[in-house]
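For reference, the structure is listed below as structure tokens.
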Amino acid sequence: MSHRIIYFGAGEFSVKPMQILLDDSRFEIIAVVTQPDKPVGRHQKMESPLIKSLAEKRGIEVFQFEKLKSDEAYQKLSSLTADVFVVVSYGQIIPQRVINIPKMGVINLHGSLLPRWRGASCVQAAIATGDEESGVTIMKIDALMDHGPILHKEVEPIRANDTGGMLFRRLSSIGSEVLPDVLDDYLKGTISPTEQNHDLATYCKILKREDGKIDWSKPAEEIERLIRAYDPWPGTWTEWNGKRMKILSACLSALNTHKPVGMIDIIDNAILIKCGDQKVLEITKLQLEGGKPLESIYFISGYRG
RNA sequence: CGCGGGGUAGAGCAGUUGGCAGCUCGCCAGGCCCAUAACCUGGAGGUCGUGGGUUCAAGUCCCACCCCCGCAA
């Protein structure tokens with residue numbers, strides 16, 4: 001007999017694990033909980049979370065509670081008699097009384113090696129900080145954010161040219177591969193959770209676009225990591241001629257520029273910017289407000305002045 | 001109708017108060033050179049997003065529409 005799951009998710013990270021669980025006969029997703037539809041994009045059209053259509057395609061009931069704290073949500077979730085809740089990139093805190101509903105508790109798949117990088121931007125934080133490895137953690141949720149005891153960890157090395165998007169995809173795959181067996185073992189009682197070492201905990205915040213504004217007074221290597229880490233979300237940018245210029249790709253350069261820190265200089269077909277430690281970063285791909293993404297040589301083609 | 005920028009040569013851009021459509025790169029041909037992605041000379045390539053309107057004359061002014069993008073989510 002298969003385990004009855006209610007699956008909580010919303011972000012992109014939640015898609016793949018859900019597909020895997022759907023195709024695994026050991027589990028039955030009896031309902032999906034996701035965020036409400038929101039007006040999105042340039043024309044403010046209403047858009048559904050990614051997993052909503054996936055659920056509807058399979059004929060699975062979808063709930064989009066405005067507040068998980070509400071009595072309505074509590075009563076609905078209680079009535080469904082699930083064995084366990086599985087939460088992946090859901091975006092709302094799970095209230096204690098909801099955690100108490102399923103007899104086997106609430107299991108979370110998280111994109112870092114807990115207790116390192118508790119919070120919403122764990123993938124970006126790992127790259128931006130220069131960590132050598134990242135990974136996924138499957139844990140049992142308790143009342144505090146990413147604080148509960150751990151069932152399983154899977155390590156994934158961070159590569160020298162990794163972007164947030166690249167690492168994100170790998171972690172998503174790894175998490176999806178590992179989740180079913182770990183979940184099954186846990187539900188059968190084969191593995192038991194072990195407490196996190198809370199002294200080692202680090203935290204990362206939810207990122208907004210404004211966080212992608214580059215502070216050129218920082219060291220070049222740090223900025224280079226930030227550019228990779230924040231690609232594609234929230235992206236990095238700087239002001240140029242009163243316009244917003246997205247920095248899509250950059251690398252450390254051996255060339256020098258005599259312009260002040262943070263000012264763009266063009267030498268030998270390279271776009272150079274001096275950083276706070278006097279080292280120079282070469283921008284290799286960028287996008288100007290209103291324009292399409294450009295390799296640096298194309299930007300230089302039209303550059304005047 | 002959430003706010004805003006933009007569609008001009010293959011690419012990226014300029015085009016002033018309407019008055020012969022330009023720049024950098026690329027492409028083609030020739031030259032220089034031991035040689036070259038470097039340099040020199042010449043050349044091809046545009047119904048200026050689409051449809052109307054104003055005017056002797058519209059890339060430029062007016063109206064409508066299509067498409068791309070930044071903010072915001």
Side-chain angles (χ1 to χ4, degrees), chain A residues 8-15 32-56 62-68 88-93 111 119-124 163-165 168 204-216 223 226-251 253-257 259 262-273 281-305:
Chain A
F8 292 61
E12 199 182 336
F13 202 61
S14 66
V15 176
V32 165
V33 179
T34 189
Q35 301 288 1
D37 291 4
K38 286 177 190 166
V40 131
R42 213 164 274 135
H43 301 289
Q44 298 294 107
K45 288 176 195 156
M46 294 300 279
E47 201 158 289
S48 307
L50 295 162
I51 63 169
K52 184 180 176 183
S53 61
L54 185 57
E56 286 173 339
V62 176
F63 299 102
Q64 296 175 283
F65 302 117
E66 202 67 52
K67 287 182 180 176
L68 207 50
V88 184
S89 181
Y90 173 61
Q92 275 192 54
I93 302 287
S121 58
C122 46
V123 177
Q124 290 95 330
T163 63
F168 182 94
C204 52
K205 57 175 184 174
I206 292 179
L207 295 173
K208 301 178 200 151
R209 274 232 206 264
E210 199 59 27
D211 295 316
K213 180 166 186 175
I214 294 177
D215 176 0
W216 296 102
I223 295 173
L226 193 77
I227 290 168
R228 282 189 289 112
Y230 283 14
D231 173 20
W233 175 260
T236 46
W237 53 277
T238 191
E239 296 278 351
W240 182 74
N241 285 1
K243 288 184 180 177
R244 180 177 290 230
M245 177 190 279
K246 285 189 175 185
I247 309 297
L248 301 179
S249 178
C251 59
S253 175
L255 297 170
N256 199 5
T257 166
K259 296 223 175 173
M263 296 296 293
I264 283 182
D265 193 11
I266 294 184
I267 298 175
D268 291 346
N269 281 329
I271 305 170
L272 305 176
I273 297 190
L281 220 50
E282 175 181 351
I283 298 171
T284 53
K285 197 171 180 187
L286 58 83
Q287 181 176 19
L288 220 47
E289 192 176 316
K292 297 180 180 180
L294 295 179
E295 305 285 335
S296 58
I297 56 165
Y298 298 114
F299 172 80
I300 293 167
S301 292
Y303 178 77
R304 289 166 190 261

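All values derive from a computational prediction rather than experimental measurement. Side-chain atoms are counted along with the backbone in the values below, which use heavy atoms only and exclude waters and symmetry mates. In what follows, chains are A, B, ... by sequence order, proteins preceding strands, each numbered from 1.
- Rounded to whole Å, the C1' atom of rG2(B) lies 29 Å from the corresponding atom of rC61(B).
- Here the separation of rG45(B) from rA21(B), taken at their C1' atoms, is 13 Å to the nearest Å.
- Put simply, the side chain of Ile247(A) does not reach to within 4.5 Å of the side chain of Ile223(A), judged on heavy atoms.
- Comparing the P positions of rC13(B) and rA72(B) gives a spacing of 22 Å, expressed to the nearest Å.
- Atom-to-atom, CG of Leu286(A) to P of rC69(B) comes out at 16 Å; the value is rounded to the nearest Å.
- Both distances falling under 3.5 Å, in either a Watson-Crick or a G-U wobble arrangement, place rA64(B) opposite rU50(B).
- Heavy atoms only, all atoms of each residue included: Tyr230(A) and Gly212(A) are closest at CD2-CA, 4.0 Å.
- rG52(B) sits 49 Å from rA37(B) when the C1' atoms are compared, rounded to a whole Å.
- In this structure, rA14(B) forms no base pair with any nucleotide, since neither Watson-Crick nor G-U wobble geometry is met with both distances under 3.5 Å.
- Thr284(A) has its side chain within reach of Ser249(A): a pair of non-hydrogen atoms, C-beta onward, lies under 4.5 Å apart.
- Using a 4.0 Å cut-off, some side-chain N or O of Gln287(A) falls inside it from OP1 or OP2 of rG70(B).
- Residue contacts shown for Lys246(A) are limited to sugar-phosphate atoms, with no base heavy atom under 4.0 Å away.
- Contact of the Glu12(A) side chain with the Leu50(A) side chain is registered, since non-hydrogen atoms from C-beta on lie closer than 4.5 Å.
- When the C1' atom of rC71(B) is taken as reference, atom CZ of Arg244(A) falls 7 Å away, rounded to whole Å.
- Across the P atoms, rG43(B) and rG7(B) are found 29 Å apart, a figure rounded to whole Å.
- Rounded to whole Å, the separation between the P atoms of rC23(B) and rG15(B) comes to 15 Å.
- When both pairing distances are held under 3.5 Å, rC71(B) makes a Watson-Crick or G-U pair with rG2(B).
- One can find a donor-acceptor pair under 3.5 Å joining the base of rG70(B) and the side-chain atoms of Arg42(A).
- Counting heavy-atom neighbours within 6.0 Å of Gln64(A) CD, excluding the residue itself, gives a total above 12.
- Of the two residues contacting RNA chain B, namely Trp237(A) and Phe299(A), the nearest-nucleotide position lying further toward the 5' end is that of Phe299(A).
- Summarising the local packing, OH of Tyr298(A) is surrounded by 12 or fewer heavy atoms from other residues, nucleotides or ligands at distances under 6.0 Å.
- The residue among His43(A) and Leu288(A) whose nearest nucleotide of RNA chain B is located toward the 5' end is His43(A).
- Going from atom CD of Glu295(A) over to atom C1' of rG26(B) covers 15 Å, rounded to whole Å.
- Closest non-hydrogen pair, Gly164(A) versus Val123(A), comes out as O-CG1, 3.6 Å.
- In this structure, the CG atom of Leu294(A) is 14 Å from the C1' atom of rU24(B), given to the nearest Å.
- Between the P atom of rG12(B) and the CD1 atom of Ile266(A) lies a distance of 16 Å, rounded to the nearest Å.
- Using a 4.5 Å heavy-atom threshold, the side chains of Asp231(A) and Thr236(A) count as separate.
- The pairing partner recorded for rC33(B) is none, the criterion being a Watson-Crick or G-U wobble arrangement whose two distances lie under 3.5 angstrom.
- Asp211(A) places a side-chain N or O within donor-acceptor distance of the main-chain N or O of Lys208(A), the cut-off being under 3.5 Å.
- Of the residues in residues 204-211 of chain A, those lying under 4.0 Å from RNA chain B by heavy-atom distance are Arg209(A).
- Using cut-offs of 30° and 60° on the angle between ring planes, the pair Tyr303(A) and Phe299(A) is tilted.
- Whole-Å rounding puts the Tyr298(A) OH to rA11(B) C1' distance at 6 Å.
- Separation of the P atoms belonging to rA11(B) and rU16(B) is 23 Å when rounded to the nearest angstrom.
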Check nucleotides 36-39 of chain B against the protein and report each pair of N or O atoms closer than 3.5 Å, with its distance, or say if there are none.
none

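- Closest to the side chain of Glu289(A), from the set rG70(B), rA73(B), rG12(B), is rG70(B).
- The distance between atom CE of Met245(A) and atom P of rC69(B), rounded to the nearest whole Å, is 19 Å.
- For the pair Gln44(A) CD and rC71(B) C1', the computed distance is 11 Å after rounding to whole Å.
- On the C1' atoms, rA58(B) is 14 Å away from rU17(B), given to the nearest whole Å.
- Within a 6.0 Å radius of CD in Glu66(A), other residues, nucleotides and ligands contribute 12 heavy atoms or fewer.
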